[in-house]
Structures are given as C-alpha cells and as structure tokens.
Amino acid sequence: MTATNDAPDPVAAAEERWQRLQGRFEAVGVRMRTETGSALAAMDACLDGLEAVRRHLADHPGLPRTSSASVAGPAPARR
C-alpha cells in the first residue's frame, strides 16, 4: 500500500459530514415545530381563560371596578 491509497477519500468524508449535518438540521426542525406548537397551544389556552374572565366580569356589572393603578399597587416612592 502506498500513502495515497491509505488516505481517506476527501469527497466521501465531506459527503458523510454533510449527511450528518442534514440529519441534525431535520431533527432541529422537528423539535422546533413540536415545541412551537406546544407553546402556541399553551398561549391559546391562557388567552381563552383570560377571555372567559373578561366575559364574566362584563356580565356581572355589580362587581367592584378598580382602576389599573390600584390593581398594580402603589407606585414606588422616588428618592
């Protein structure tokens, strides 16, 4: 065997690295779609809950109303 026959084929090595990268890209894409879908579903559920609370408050005019400033609490004292 000569030194040139022992050397790995650079084209084949590059192709193998490229295939590994493509596999990783595909895995990242699947993970992003899954996690994004889960996050959007959770946000939709929260927004649905807030909408239900808003409707409940709008349908019960006898409930005490507060301003947004009192809900947030007093403003911090300035130095």
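Residue numbers run from 1 in the order of the sequence given.
- To the nearest 0.5 Å, atom CZ of residue Arg54 and atom CG of residue Leu47 are 12.0 Å apart.
- Applying the under-4.5 Å side-chain rule to Ile, Leu, Val, Met, Phe, Trp and Tyr, the cluster around Leu40 extends to Met43.
- Remark: side-chain polar atoms of His56 are not paired, donor with acceptor, to backbone N or O of Ala52 under 3.5 angstrom.
- Counted by atom type alone, Gln22 and Glu26 present zero donor-acceptor pairs between their side chains at under 3.5 Å.
- Between the CZ atom in Arg55 and the CG atom in Leu57 there is a gap of 11.5 Å [rounded to 0.5 Å].
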